2 protein chains.
Amino acid sequence: MAEQPRGSVTLMDVAARAGVSLATASRALNGSTRKVGDDLRERVLAAARSLNYAANAQAQAMARGRTNVVGLVVHDIADPYFSSIAAGVMEAAEGHHVLVTLGSTLRRPEREVDYLVALRGQRSRAVILAGSRMDDSPVAEALRREIDIFENDGGNVVAISQKQLPVDTVVIENRLGARDLATELVGLGYRRFGVLAGPDAMLTARDRVHGFREGLGRSGIDLDPAFVAHGAFTRDGGYQAMNTLLDRIGELDCVFAVNDVMAVGAMVAAREHGLEVPRDLGLAGFDDISTLRDVNPALTTVRLPLEKVGASAFELVLSAAERTKPRTRRIKGEVVLRQSTRTISG
Amino acid sequence: MAEQPRGSVTLMDVAARAGVSLATASRALNGSTRKVGDDLRERVLAAARSLNYAANAQAQAMARGRTNVVGLVVHDIADPYFSSIAAGVMEAAEGHHVLVTLGSTLRRPEREVDYLVALRGQRSRAVILAGSRMDDSPVAEALRREIDIFENDGGNVVAISQKQLPVDTVVIENRLGARDLATELVGLGYRRFGVLAGPDAMLTARDRVHGFREGLGRSGIDLDPAFVAHGAFTRDGGYQAMNTLLDRIGELDCVFAVNDVMAVGAMVAAREHGLEVPRDLGLAGFDDISTLRDVNPALTTVRLPLEKVGASAFELVLSAAERTKPRTRRIKGEVVLRQSTRTISG
DNA sequence: GTCTATCGTGGAAGCGCATTCCTTCGATGA
DNA sequence: TCATCGAAGGAATGCGCTTCCACGATAGAC
């Protein structure tokens, strides 16, 4: 079986072995509009099989003028938020004969632009920008510019999070979710709130804080800016932010961390401080990261269907051809009350 | 600035605008061995910039006969084990001008072969197979075969986990780690052990069980096969496996789950059963998943430097050219005792 | 002063494939 | 029987780039 020339097998090798022309081999293997006689087709397929032929995707891309590569750019693939989205994308991509190229900005949003350029070089069919938008005009401007170029090249861009760019977007209803959460927490009897906010420029974090404040406002409760502590959007960021709040923790009865990983950090900080959740303090997060569902006490949070977010983004990619103008898909979160907040109104 | 032709800008456009030949433009932009006069070089660079030129990677790959794509194949990118490895790979790739294409087998090992074929089509420089090897001859045989073809095409393959394939491998010392863990647990006074094992065919799971049994054996303790419960390598798998053990849980004083996510599932099952860890039962995991470090009680486990694993794999990819035969890097785990096991020997 | 190295540049081939155009052949209808 | 047409196969082109080769100019050796 399968003696194989050194180096890659080309379509020419297949054609030669099958005793047909290049054109016929191509048509037989990649089903064109043209028909190929059954006998020849069989011969070609057999030859390809026996030579372990795999079409050179670069050459195909070149000849066809398009590729089957889709880029996925995240801030940190180790963050369960992003890895869940990535899983959703991968699953949706399954069977669509698409290769997903992963970009990781390592939490430096300006690197999104670099990936966009690299993926344009690859002639990627589309790019999914999964990270939060930033309130940073120079970076946003550069990104916007590069997106124009990318699209002018025939590529499609899909963003996840905020509708800040003129592209297909999966909008995550951060504000709404945080507002609902605030309402529920007030319903549980909490009145004096602290917030562990993320980086100020990160819109996802900011939207959640705004939404939360809004929700409190509807119940006539003010959020004292002194009780809003900023920190990185990570476990350690939550830990640190919580520590800065801890001096005046006596004045609070509930803390909202803008995401679950921060909430977990906060829980540790609280525990180290001798505070027991929820007895001494209520604590809530956002995202409902599945890996974190079993922390004890279980986190009250806002559930986001992250895999579905990824899948939606991929669907936008697939159906990009037919669209005329940017589309928006909205994904809502759902408040989940668990043990990290008290259950009885007081 | 930057008026731009419809569609992609080609090197020819750049050359034309700079008033030089294609060859010169190519040399100026992609630094060859040949030198280009300073004035011309400047003209070319300026033209490229003003046209937003991004070299067509497909065409370059074609002309050069190689690409800068590296494939990373994992079982489930949402699993923190794999996402940590992926993060390590991404970070190591940083600055090396390499694009990482992600494959996710969705826990169907036979799909590794499919990805290998697809990545061969892409003429990937290398592929990192991050998942555990399986004890499944047909699949292993197909994989081995496809690896041969891949390497014959000039690609490099790096495996992570077991040295089962004749390729560069980052070996994870599962057996050793589990053995050490067993020793430590015995040192804490535990005597009657249960094990939550993963799928029987998965070598990573199996190695950990073997190593654990070995460690117990050294202390003269037998592991009763009746106390080894198999389950999926996931949180739910741990939960279920623990439940099957729960009937006879009175005969046990410590349970070892072959990874942390299973341990977390087990912890929930135990709690639902009214058992308190570590008071009623010791519990240990494996991996030291960072997202899980804050579960309460904190898990005794074997710490694996997963990001380093990913980085090592990537280094093997980079230095593949110089090697003559498959290399092996060994990564050891380190036992970390925490609150899920008792601290005082009894 | 001529004759060879050297250097910077342009011309052109070729990477592997899809596809257009052309040729051939058999079938069909008059 | 012959013209016509459709279908199937093959030759040739081009996708965008790198790189080998050729060429003229300049410099250094004699």
Side-chain angles (χ1 to χ4, degrees), chain A residues 5-45 47-48 51-69 97 120-125 153-154, chain B residues 5-45 47-48 51-69 120-124 153-154:
Chain A
R6 182 68 203 164
S8 305
V9 178
T10 72
L11 187 57
M12 233 176 54
D13 300 329
V14 175
R17 172 181 262 250
V20 301
S21 73
L22 242 176
T24 302
S26 170
R27 290 194 270 249
L29 288 170
N30 306 308
S32 73
T33 47
R34 297 276 307 260
K35 253 173 62 181
V36 174
D38 289 342
D39 46 341
L40 288 195
R41 143 166 294 111
E42 265 320 307
R43 286 229 305 272
V44 171
L45 294 182
L51 291 171
N52 295 313
Y53 174 72
N56 183 322
Q58 326 288 337
Q60 285 189 315
M62 193 137 198
R64 291 207 258 243
R66 63 199 155 72
T67 66
N68 282 308
V69 172
H97 205 66
R120 173 157 64 96
Q122 292 289 323
R123 297 303 183 268
S124 281
R125 212 160 102 175
D153 265 28
Chain B
R6 183 66 203 167
S8 305
V9 178
T10 73
L11 186 57
M12 233 176 53
D13 299 330
V14 175
R17 173 182 262 250
V20 302
S21 75
L22 247 179
T24 301
S26 171
R27 291 193 272 252
L29 287 171
N30 305 309
S32 74
T33 47
R34 311 277 312 197
K35 253 170 66 180
V36 174
D38 289 342
D39 47 342
L40 288 195
R41 145 166 289 111
E42 264 322 306
R43 286 228 305 272
V44 171
L45 293 181
L51 291 172
N52 296 313
Y53 173 72
N56 183 323
Q58 326 288 338
Q60 286 188 315
M62 191 136 200
R64 293 206 257 244
R66 62 198 154 72
T67 66
N68 283 306
V69 172
R120 174 156 64 96
Q122 293 290 322
R123 299 300 183 267
S124 283
D153 265 29

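Chain A is the first sequence line, chain B the second, and so forth, proteins listed ahead of strands; every chain is numbered from 1. None of the values given here were measured: they were computed from a predicted structure. Note: hydrogens, waters and symmetry copies are ignored here, and every other heavy atom, side chains too, is used.
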Subject >> A:Arg17 side chain vs A:Ala47 backbone, donor-acceptor pair below 3.5 Å >> reply: no
**OP:** Round to the nearest Å and state the distance from B:Arg66 atom CZ to D:dC17 atom P.
**Re:** 16 Å
**OP:** For the side chain of A:Ala23, starting at C-beta, report the closest nucleotide among D:dA11, C:dC17, C:dG11.
**Re:** D:dA11
**OP:** Return the value, rounded to whole Å, for the distance between atom CE of A:Met62 and atom P of C:dG14.
**Re:** 16 Å
Original post:
Which part of the nucleic acid does A:Ala55 contact within heavy-atom distance under 4.0 Å: base, sugar-phosphate only, or nothing?
Top reply: sugar-phosphate
Original post:
Does B:Ser26 have a side-chain nitrogen or oxygen under 4.0 Å from the phosphate oxygens OP1 or OP2 of D:dT18?
Top reply: yes
Original post:
Whole Å only: how far is the CG atom of B:Asp38 from the P atom of C:dT9?
Top reply: 9 Å
Subject >> Donor-acceptor contact present, side-chain A:Thr67 to main-chain A:Arg123, <3.5 Å >> reply: yes
Original post:
Do any side-chain nitrogens or oxygens of A:Asn56 fall under 4.0 Å of OP1 or OP2 in C:dC15?
Top reply: no
Subject >> Below 4.0 Å: OP1/OP2 of C:dG10 and any side-chain N or O of B:Thr24 >> reply: yes
Original post:
Taking the side chain as C-beta and beyond, is there a heavy-atom pair between B:Asn56 and B:Thr10 under 4.5 Å?
Top reply: no
Original post:
Any side-chain heavy-atom pair from A:Asp39 and A:Glu42 closer than 4.5 angstrom?
Top reply: no
Subject >> Check: B:Val44 and B:Leu29 side chains under 4.5 Å, non-hydrogen atoms >> reply: yes
Original post:
Any side-chain N or O of B:Ser21 under 4.0 Å from OP1/OP2 of C:dG10?
Top reply: yes
**OP:** Report which part of the nucleic acid B:Gly65 touches: base, sugar-phosphate, or nothing (heavy-atom distance under 4.0 Å, all strands).
**Re:** nothing
Original post:
Taking CG from B:Leu29 and C1' from D:dT19, how many angstroms apart are they, rounded to a whole number?
Top reply: 15 Å
Original post:
Does the A:Gln58 side chain pair with the main chain of B:Ala59, one donor and one acceptor, at a distance under 3.5 Å?
Top reply: no
Original post:
Is there a donor and acceptor pair closer than 3.5 Å between the side chain of A:Arg27 and the base of D:dG10?
Top reply: yes
**OP:** Let me know the distance between CD of A:Gln60 and C1' of C:dT19, rounded to the nearest Å.
**Re:** 13 Å
Original post:
With nearest nucleotides of DNA chain C determined for B:Leu22 and A:Ala54 from heavy-atom distances, which residue corresponds to the more 5′ nucleotide?
Top reply: B:Leu22
**OP:** Specify the separation, in whole Å, of atom CG of B:Asp39 and atom P of C:dG8.
**Re:** 11 Å
Original post:
Does any N or O donor sit under 3.5 Å from an N or O acceptor when you compare the side chain of A:Arg34 with the base of D:dA8?
Top reply: yes
Original post:
Between C:dT20 atom P and A:Arg64 atom CZ, what is the distance in whole Å?
Top reply: 13 Å
**OP:** Report yes if a side-chain nitrogen or oxygen of A:Lys35 is closer than 4.0 Å to either non-bridging phosphate oxygen (OP1 or OP2) of D:dA8; otherwise report no.
**Re:** yes
Original post:
When the distance from CD of B:Gln58 to C1' of C:dC17 is rounded to whole Å, what number comes out?
Top reply: 12 Å
Original post:
Closest to the B:Ala59 side chain: C:dG10, C:dC17, D:dG16?
Top reply: D:dG16
**OP:** Among C:dG14, C:dT9, C:dC17, find the nucleotide with the atom closest to the side chain of A:Asn30.
**Re:** C:dC17
